[in-house]
Amino acid sequence: MAKLDFGGVLENVVTREEFPLEKAHEVLKDETIAIIGYGVQGPGQGLNLRDNGFKVIVGQRKGKTWDKAVADGWVPGETLFEIEEACEKGTIIQFLVSDAAQIAVWPVVKKHLTAGKALYFSHGFGITYNDRTGIVPPKDVDVIMVAPKGSGTSLRRLFVQGRGVNSSYAVWQDATGKALERTLALGIGIGSGYLFETDFKREVYSDLTGERGTLMGAIQGIFLAQYETLREHGHTPSEAFNETVEELTESLMPLFSEKGMDWMYANCSTTAQRGALDWMGPFHDATKPVFERLYESVANGTEAQISIDSNSKPGYREGLEKELKALRESELWQAGAAVRALRPGK
């Protein structure tokens, strides 16, 4: 484990060089990893572990998702089982169903958490808000987490490309004395680029804030506000979309991903640089109070309760699809579909 400097703060980081795949194999050589849930994170983590040579099984209810697992090469009765049977067989139970589903599935999982097993999460939600979820593991099992900083789709895609998504890791309960080694081995096994240390509470607070903020909620809100402003002042949909989204995602994001925001600024016109530096402050001042309110809503459990309540309602998925359909069919993203279709090479 290395100490690396992040903007003047030293943090614990684990890389593939210091914890190679061979070491992960040695740590997990006697383990059966049971992936419980094959929705968002399950396929990416399960397939990466399988391709990396670990003993992996999947637990999933029969239905469309079961069929998806079969299509991905999991064999019923050999590597694909109903949830309870997979929990019984697994020595490491990767609890990867949605946060709301964890509440419903928890009694089945808990029943098979015998001494010495490990309960693995990729999100701190169930444990951090256990007064609301009821997820309180027995004292004689390891409780650990590896949280990829990206979707399961991205985790799989980058793994296939020989790259990796960075992940945070944490140990909540070390019953066996080998919880940390198990955690790091699993983090390397799922294809993490590198692993940085956190705890369950910090992970869920940062994750919920990020998803509602710059990763998803805030960025859509800002996109829409700028697009609407341009359209209301007579700009065409194609012009408004290109200046709001396409230039950012296709031209500018790769630059600041490569070497930082200053590098992206340095590769833009002096007019763009001056305007960006001048307007950065007003946008910060306007949005900082919103982020403070958001963080407080996460910290006091309001966001967790909203998620639990809404995601547990009958017909939730149908309602969600209606909301996503409205987003998809909005002029902003219909213009986006047309612009993407015109990209060279399409």
Side-chain angles (χ1 to χ4, degrees), residues 28 31-50 52 54-130 133-138 141-148 151-153 155-156 167 169-170 172-173 179 182-183 185-187 189-191 200 203-204 307-308 311-312 317:
L28 301 178
E31 306 275 16
T32 298
I33 303 164
I35 305 288
I36 305 303
Y38 206 71
V40 177
Q41 281 290 335
Q45 294 198 33
L47 292 171
N48 290 1
L49 284 163
R50 187 179 73 183
N52 269 334
F54 296 92
K55 185 179 179 182
V56 189
I57 60 175
V58 171
Q60 175 61 45
R61 290 194 179 99
K62 289 184 177 177
K64 289 183 179 178
T65 308
W66 174 282
D67 295 340
K68 181 182 185 304
V70 172
D72 284 345
W74 303 99
V75 180
E78 295 181 17
T79 56
L80 177 60
F81 304 92
E82 293 276 0
I83 288 175
E84 181 153 5
E85 188 172 0
C87 287
E88 183 179 8
K89 291 177 179 295
T91 58
I92 296 174
I93 297 175
Q94 294 199 188
F95 203 14
L96 300 180
V97 296
S98 70
D99 295 326
Q102 284 184 7
I103 299 170
V105 177
W106 174 240
V108 175
V109 173
K110 185 178 180 181
K111 177 181 174 183
H112 295 287
L113 281 174
T114 52
K117 287 192 176 187
L119 177 62
Y120 167 111
F121 294 87
S122 281
H123 191 23
F125 191 102
I127 293 293
T128 300
Y129 300 114
N130 59 17
T133 65
I135 297 175
V136 180
V141 301
D142 293 341
V143 182
I144 61 180
M145 176 175 65
V146 178
S151 70
T153 301
L155 183 74
R156 180 60 179 170
S167 303
Y169 72 91
W172 188 76
Q173 180 170 283
R182 276 171 146 176
T183 305
L186 289 163
I190 67 171
F200 275 63
E203 190 281 332
V204 74
S307 294
I308 291 169
N311 297 354
S312 301
R317 291 197 175 277

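These figures come from a predicted structure and were not determined experimentally.
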Exercise. Hey, is the main chain of Thr32 close enough, under 3.5 Å, to the side chain of Thr91 for a donor-acceptor pair?
Worked result: yes
For this session: Return the set of residues passing salt bridge (Lys or Arg N to Asp or Glu O under 4.0 Å) with Arg156 (not counting sequence neighbours), or none when no residue passes.
Result: Asp51
Exercise. Is there a donor-acceptor pair under 3.5 Å between the side chain of Asp142 and the backbone N or O of Ala118?
Worked result: no
Seminar exercise, completed: Across all chains, not counting sequence neighbours, the side chain to side chain contact (heavy atoms under 4.5 Å, CB included) partners of Ile103 are Thr133, Ile308
Exercise. How close do Glu78 and Ile57 get, heavy atom to heavy atom, and via which atoms?
Worked result: O-CG2, 4.2 Å
Exercise. Nearest heavy-atom pair of Ile190 and Ser167: which atoms, and what distance?
Worked result: CD1-OG, 4.4 Å
Exercise. With side chains defined as the heavy atoms from C-beta onward, is the minimum distance between Leu119 and Pro137 less than 4.5 Å?
Worked result: yes
Exercise. Who passes side chain to side chain contact (heavy atoms under 4.5 Å, CB included) against Ala185, sequence neighbours left out?
Worked result: Phe19, Ala24, Val27, Leu28
Problem set entry | side chain to side chain contact (heavy atoms under 4.5 Å, CB included) partners for Val136, two or more places apart | Asn130
Exercise. Are side-chain heavy atoms of Leu155 and Gln41 found at a separation under 4.5 Å?
Worked result: yes
Exercise. Can you tell if the side chain of Lys55 reaches within under 4.5 Å of the side chain of Glu31, non-hydrogen atoms only?
Worked result: no
Problem set entry | Considering all heavy atoms, the nearest Ile36-Ala86 contact | CD1-CB, 3.9 Å
For this session: Measure across Gly124 and Glu203 and return the closest heavy-atom pair with its distance rounded to 0.1 Å.
Result: N-OE1, 2.8 Å
For this session: Mind checking ring pair (Phe, Tyr, Trp, His ring centres under 6.0 Å) for Tyr169 and listing every partner two or more places apart, or none if nothing turns up?
Result: none
For this session: Using side chain to side chain contact (heavy atoms under 4.5 Å, CB included) as the criterion, list what pairs up with Thr114, not counting sequence neighbours.
Result: Lys117
For this session: Would you please classify the geometry between the Trp172 ring and the Phe200 ring as parallel, tilted or perpendicular, with 30° and 60° separating the classes?
Result: tilted
Exercise. From Ile83 CD1 over to Arg61 CZ, what is the distance, rounded to the nearest 0.5 angstrom?
Worked result: 4.5 Å
Exercise. Would you say the side chain of Val58 lies within less than 4.5 Å of the side chain of Trp66, judging by non-hydrogen atoms?
Worked result: no
Exercise. For Ala100 and Asn311, which heavy atoms make the closest approach, and how far apart are they?
Worked result: CB-CB, 3.5 Å
Exercise. Taking the side chain from Ser122 and the backbone from Val146, do they hold a donor-acceptor pair closer than 3.5 Å?
Worked result: yes
For this session: With sequence neighbours excluded, tell me which residues meet side-chain hydrogen bond (donor to acceptor under 3.5 Å, both in side chains) with Lys89.
Result: none
Problem set entry | Partner set under side-chain hydrogen bond (donor to acceptor under 3.5 Å, both in side chains) for Ser98, not counting sequence neighbours | none
Exercise. Which residues pass the salt bridge (Lys or Arg N to Asp or Glu O under 4.0 Å) test with Asp72, sequence neighbours left out?
Worked result: Lys68
Problem set entry | side-chain hydrogen bond (donor to acceptor under 3.5 Å, both in side chains) against Gln173, all qualifying residues, sequence neighbours excluded | none
Problem set entry | Partner set under side-chain hydrogen bond (donor to acceptor under 3.5 Å, both in side chains) for Gln102, not counting sequence neighbours | none
Problem set entry | Contacts of type salt bridge (Lys or Arg N to Asp or Glu O under 4.0 Å), residue Glu88, not counting sequence neighbours | none
For this session: Please report the shortest heavy-atom distance between Trp106 and Gly134, naming the atom on each side.
Result: NE1-O, 3.4 Å
Exercise. Going from OG1 on Thr183 to CD1 on Ile92, what distance comes out if it is rounded to the nearest 0.5 angstrom?
Worked result: 8.5 Å
